[in-house]
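Scroll down for the structure; my scribbles are underneath it.
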2 protein chains.
Amino acid sequence: MDVKTLCLGLLTQGAASGYDLKKRFETCFKSFYSAGYGSIYPALAYLADTDLVTCEEISQDGRPDRKVYRITDKGRDYFTEALASHQPAHKMRSEFLAMIFFAEFIPPDRLNKLIDERAEELQQILKELEAMSDTLAKHPDSGVEFVAGFGQTITRAALDYMQQYRHLLTKETSAQRQAS
Amino acid sequence: MDVKTLCLGLLTQGAASGYDLKKRFETCFKSFYSAGYGSIYPALAYLADTDLVTCEEISQDGRPDRKVYRITDKGRDYFTEALASHQPAHKMRSEFLAMIFFAEFIPPDRLNKLIDERAEELQQILKELEAMSDTLAKHPDSGVEFVAGFGQTITRAALDYMQQYRHLLTKETSAQRQAS
DNA sequence: AGCGCCATGTAAGTGGTTACATGATTGT
DNA sequence: ACAATCATGTAACCACTTACATGGCGCT
């Protein structure tokens with residue numbers, strides 16, 4: 001599932017420009033997937049080339065032109081087929097955890113800062129996931145509901161764990177006791 | 001934190017070959033980071049070039065030669081500095097969640113299979129995290145303990161959520177009711 | 001006066017994955 | 001016999017990131 005396919009998926013929810021799509025990525029996928037303009041715009045160009053989407057150019061006064069993309073029947077078929085046949089890979093690289101793994105090499109102040117910053121990021125994600133849940137009253141969708149709930153559950157578990165066990169990390173280690 | 005730096009980090013726990021290091025990646029980082037030979041071997045060559053590690057070639061009979069890498073003082077300094085100054089990014093791309101987000105386009109059988117497979121992967125990760133916790137009795141380390149506990153907490157939360165809420169996904173959607 | 005939003009795109013660079021190449025030993 | 005483990009490496013490829021390029025409007 002590359003950015004191309006996911007753009008196609010988001011376009012099933014309604015026509016959008018590249019700019020709009022980036023926002024959808026941020027609101028819908030923030031907790032588990034990200035995409036920048038550098039991948040979205042080329043993806044849309046490719047999708048238009050292969051007739052999976054159509055593109056309508058719209059002039060606006062006082063604003064830059066927009067290119068509004070709409071999924072075609074061919075595109076919808078392609079997307080359904082991708083969902084049916086693709087094996088989902090789960091690629092994760094948490095530099096936060098990788099660094100914390102080596103906590104014994106990090107001074108307590110720095111550790112506290114790292115945890116606080118990560119906690120703040122998670123709080124932010126939690127807020128957006130809760131906002132996503134709120135929109136479900138208007139547009140019910142089982143997939144969105146499951147994913148939003150999943151994100152909230154995991155994020156809360158992560159925050160709780162960090163608060164409960166952060167003291168493990170900032171206790172003095174034997175090496176640090178010797179140095180002082 | 002690229003593979004280079006993490007190889008250096010793992011070498012603080014003792015000398016190892018590239019082959020060994022891959023296993024360490026798998027046991028220590030499986031739940032949040034991955035690296036293949038294609039990144040590990042070039043990383044070690046680079047680290048040796050820049051004197052952050054030394055390399056000792058060991059001939060074995062009946063087995064291929066090994067190259068055992070050891071971290072140098074310069075390497076240890078470099079690693080400590082990396083931990084002190086690097087801003088950790090968390091890059092996650094869960095194709096599983098991305099696909100589930102579009103559950104309304106996926107037939108129930110396929111959804112069940114996707115969830116079962118993901119659950120199995122998580123069970124496997126949980127097992128290895130529990131094994132990691134067991135080794136802590138022998139080699140206590142606050143960072144390892146925190147990360148192992150974190151992984152277990154999150155993984156269990158994910159498994160619980162999936163079992164509790166999977167029914168949301170396989171309930172018939174309005175579109176499917178119309179089709180039948 | 002300056003920042004942030006709207007809006008699109010390209011080009012160069014990065015870093016990791018996959019496939020290839022080789023081959024003996026040990027366990028089933 | 002056959003698969004898995006041990007063991008190292010390269011080269012081509014791929015997908016995404018970052019920096020660059022452009023520019024008006026609206027708010028404070």
Side-chain angles (χ1 to χ4, degrees), chain A residues 1-8 15-27 29-30 32-49 53 55-69 82 86-95 98, chain B residues 1-8 11 15-27 29-30 32-50 53 55-69 82 86-95 98:
Chain A
M1 297 290 276
D2 50 18
V3 174
K4 273 197 283 287
T5 312
L6 261 355
C7 283
L8 209 50
S17 67
Y19 190 83
D20 297 333
L21 235 36
K22 171 125 195 283
K23 298 211 148 165
R24 285 197 199 166
F25 265 100
E26 277 159 12
T27 53
F29 297 160
K30 197 182 183 186
F32 60 88
Y33 207 102
S34 63
Y37 292 125
S39 19
I40 291 170
Y41 284 120
L44 286 170
Y46 170 86
L47 291 171
D49 264 5
V53 301
C55 173
E56 184 190 359
E57 260 168 285
I58 297 179
S59 298
Q60 302 180 120
D61 46 298
R63 285 243 160 57
D65 293 356
R66 288 165 55 91
K67 288 189 176 181
V68 175
Y69 294 89
H86 185 78
Q87 270 317 94
H90 169 89
K91 282 166 201 167
M92 166 144 178
R93 82 180 4 191
S94 170
E95 295 181 2
Chain B
M1 297 290 275
D2 50 18
V3 173
K4 274 198 280 287
T5 312
L6 261 355
C7 282
L8 208 50
L11 287 173
S17 65
Y19 189 84
D20 297 334
L21 234 36
K22 172 126 194 283
K23 298 211 148 166
R24 285 198 199 166
F25 266 99
E26 277 159 11
T27 54
F29 296 160
K30 196 183 182 186
F32 61 88
Y33 208 102
S34 64
Y37 293 124
S39 21
I40 291 170
Y41 284 119
L44 287 170
Y46 170 86
L47 292 171
D49 264 5
T50 49
V53 302
C55 173
E56 185 191 357
E57 261 167 286
I58 298 178
S59 298
Q60 301 181 119
D61 44 300
R63 286 243 159 57
D65 294 355
R66 288 166 54 91
K67 288 188 174 181
V68 174
Y69 294 89
H86 184 79
Q87 270 316 96
H90 64 278
K91 282 166 202 168
M92 166 147 178
R93 84 179 4 189
S94 171
E95 295 181 2

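Residue numbers begin at 1 in each chain, while the letters A, B, ... track the order of the sequences.
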Could you tell me the separation between the NZ atom of A:K91 and the P atom of D:dC16, rounded to a whole number of Å? 8 Å
Spacing of OH belonging to B:Y33 relative to CE belonging to B:M1, to within rounding of 0.5 Å: 7.5 Å
Would you tabulate the pairs of protein nitrogen or oxygen atoms and nucleotide nitrogen or oxygen atoms of nucleotides 7-10 of chain C closer than 3.5 angstrom?
residue: C:dA7; atom: OP1; partner: A:Q60; partner atom: OE1; Å: 3.4
residue: C:dA7; atom: OP1; partner: A:Q60; partner atom: NE2; Å: 3.0
residue: C:dA7; atom: OP2; partner: A:R66; partner atom: NH1; Å: 3.3
residue: C:dT8; atom: OP1; partner: A:K67; partner atom: N; Å: 2.9
residue: C:dT8; atom: OP2; partner: A:Y19; partner atom: N; Å: 2.9
residue: C:dT8; atom: OP2; partner: A:Y41; partner atom: OH; Å: 2.9
residue: C:dT8; atom: O5'; partner: A:Y41; partner atom: OH; Å: 3.4
residue: C:dG9; atom: OP1; partner: A:K67; partner atom: NZ; Å: 2.2

Output yes when at least one side-chain N/O atom of B:R93 is less than 4.0 Å from OP1 or OP2 of D:dC16, else no. yes
Please check if the side chain of B:S39 supplies one atom and the backbone of B:A35 the other of a donor-acceptor pair under 3.5 Å. no
Expressed as a whole number of angstroms, how long is the span from B:E26:CD to D:dC6:P? 11 Å
What nucleic acid atoms does B:K23 come within less than 4.0 Å of, heavy atoms only: base, sugar-phosphate, or nothing? sugar-phosphate
Determine the sole option in A:K23, A:K22, A:K30 for which the salt bridge (charged side-chain N to carboxylate O under 4.0 Å, His left out) test with A:E26 is passed. A:K22
Using whole Å, report how far CG of B:L47 lies from P of D:dT8. 15 Å
In whole angstroms, the gap separating P of C:dC5 from NZ of A:K22 amounts to 11 Å
How many Å lie between CE on A:M1 and C1' on D:dA15, as a whole number? 15 Å
Would you kindly give the CD-to-P distance between B:E95 and C:dT17, to the nearest whole Å? 13 Å
Is the shortest side-chain N/O distance from B:K4 to OP1 or OP2 of C:dG16 below 4.0 Å? no
Between the side chain of B:D20 and the main-chain N/O of B:S17, is any donor-acceptor distance below 3.5 Å? yes
If you look at every heavy atom in B:A15 and B:V68, which pair is closest and at what distance? CB-CG1, 3.7 Å
Over 60° means perpendicular and under 30° means parallel, so classify the ring planes of A:F29 and A:F25, tilted if in between. perpendicular
Whole-Å gap separating P (C:dG16) and CG (B:L21): 14 Å
